[in-house]
Amino acid sequence: MFKKYFKLKCGDQNFCRLYLPNKNSKDIPIIIYCHGWTKPILGGGRMVGGAPKAVRNLAIKNNIGFLSFDQFGEYKTWGDNRYFTHARWGEGVKNAYDYIVSSGISKDGLIGCFGISSGTTAAFRMEQKYQQLAFNVSVATAISNNIINPGGPRQFYLDNKQLLDNGGLVKYCSKKISKLFFEDDDKNLCIEHMEKVKCPTLFLQGSLDNDRRKQDALDGYNLLKENGVYTEYFYVEGGGHGLEQKANLCAEKTIDFVKRVLEK
């Protein structure tokens, strides 16, 4: 396996890790890994084990590349979280996508995403704006207003409205963020724009995950089915939020789905 660590020369702050079957791999499928919110000590896109690592390893065995990157405000980017929004994370996916195409490693029609938790938000945001993904695998789907806590960003904003309206910051899932984040989510919730998703999508949902993620996965699946988009749903018994307990099964389902939709 060939590994390359780098920062993109254009686009937002980032730090990328590219894994290829060999150094000269060209025109092969690529999976872009979109991580969710993480505690600073873990680092955003770092390969720390679990399902992402299992997906990467099985992808390489099947001549599929894997790109992991730190989204804005995580690990080696440390972008100022006053300017953090999910729209920015969606643009980060687009930046990674454009790098893959311009480098000749892959091309349109072969590049998709594997996202976990709010990383699924980033993947869906990219697809809803650009409609370029060849596939999307969504684990612990986060597409509604119920991201992170009951009531979600909208309620959290109302609870802190005076402070945020006056330019203050609030701590939300380990990040000190501004009104920008809440304004963006209020206008661009993925679940309200699912008609813009055109790529084949697989929802992998753990039985041990919280009810908000379970509902989002079912809602996303049903909405895409209604819109005529090829979509699959698989309920993983014994799987937690990131399917870390079922990493190998997650990898098998992901790679099987990617290979099947690319062969169609």
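Since we're looking at a predicted model, the values are computed, not measured.
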Among side-chain atoms of Asp159 and Gln155, is any donor-acceptor pair under 3.5 angstrom?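 On atom types as modelled, these side chains qualify, holding a pair under 3.5 Å.
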
Heavy-atom closest pair, residues [X] and [Y]:
X      : Y      : answer
Leu20  : Ser25  : CB-OG, 4.0 Å
Asn62  : Leu58  : ND2-O, 2.8 Å
Leu262 : Ala134 : CD2-CB, 4.0 Å
Val139 : His241 : CG1-O, 3.8 Å
Val236 : Leu243 : CB-CD2, 4.0 Å
Pro200 : Val261 : CB-CG1, 3.8 Å

Are any side-chain N or O atoms of [X] and backbone N or O atoms of [Y], one a donor and one an acceptor, separated by less than 3.5 Å?
X      : Y      : result
Thr120 : Ala142 : yes
Arg82  : Ile177 : no
Glu127 : Leu133 : yes
Gln205 : Ala217 : no
Thr231 : Thr201 : yes
Ser138 : Phe203 : no
Lys214 : Ser207 : yes
Glu195 : Asn227 : no
Asn188 : Asp184 : yes

Between [atom1] of [X] and [atom2] of [Y], what distance do you get to the nearest 0.5 Å?
X      : Y      : atom1 : atom2 : result
Thr141 : Gln215 : OG1   : CD    : 11.5 Å
Phe66  : Asn57  : CZ    : CG    : 9.0 Å
Asp219 : Cys190 : CG    : SG    : 13.0 Å
Cys250 : Glu244 : SG    : CD    : 10.0 Å
Leu204 : Leu249 : CG    : CG    : 8.0 Å
Lys107 : Lys26  : NZ    : NZ    : 12.5 Å

Taking C-beta and beyond as the side chain, do [X] and [Y] meet within less than 4.5 Å on heavy atoms?
X      : Y      : result
Leu67  : Ile111 : no
Tyr130 : Lys94  : yes
Gln128 : Val197 : yes
His86  : Phe181 : yes
Ile30  : Tyr97  : no
Gln162 : Asn166 : yes
Val137 : Phe257 : yes
Arg17  : Lys3   : no

Given the rule that I, L, V, M, F, W and Y join up when any side-chain heavy atoms are under 4.5 Å apart, are [X] and [Y] in one cluster?
X     : Y      : value
Ile32 : Phe2   : yes
Tyr83 : Leu169 : no
Ile31 : Met1   : yes

Taking it one step at a time, do Tyr157 and Asp165 satisfy side chain to side chain contact (heavy atoms under 4.5 Å, CB included)? CA-CA 9 Å; Tyr157 166 71; Asp165 286 350; 2.8 Å; yes

Output yes when Asp185 and Arg125 qualify as a salt bridge under the 4.0 Å nitrogen-oxygen rule, no when they do not.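 Salt bridge: yes.
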
If you measure from the Lys or Arg side-chain nitrogens to the Asp or Glu carboxylate oxygens, is any gap between Arg212 and Asp216 under 4.0 Å?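 Judged by the 4.0 Å cut-off on N to carboxylate O distance, Arg212 and Asp216 do not form a salt bridge.
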
Going by the angle between their ring planes, with limits at 30° and 60°, are Tyr235 and Tyr233 parallel, tilted or perpendicular?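 Answer is parallel, since the angle falls under 30°.
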
Does the ring centre of Phe72 sit less than 6.0 Å away from the ring centre of Phe84?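 Ring centres of Phe72 and Phe84 not closer than 6.0 Å.
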
Taking the six-membered ring for Trp, are the ring centroids of Tyr99 and Phe6 within less than 6.0 Å of each other?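 Yes: the rings meet the under 6.0 Å criterion.
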
CA sep, side-chain torsions, deciding dist, call: Leu164, Phe182, side chain to side chain contact (heavy atoms under 4.5 Å, CB included): CA-CA 9 Å; Leu164 289 165; Phe182 300 99; 3.8 Å; yes

So among Lys253, Arg260, Lys225, which one has a side chain to side chain donor-acceptor pair (under 3.5 Å) with Glu232?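 Among the candidates, only Arg260 passes.
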
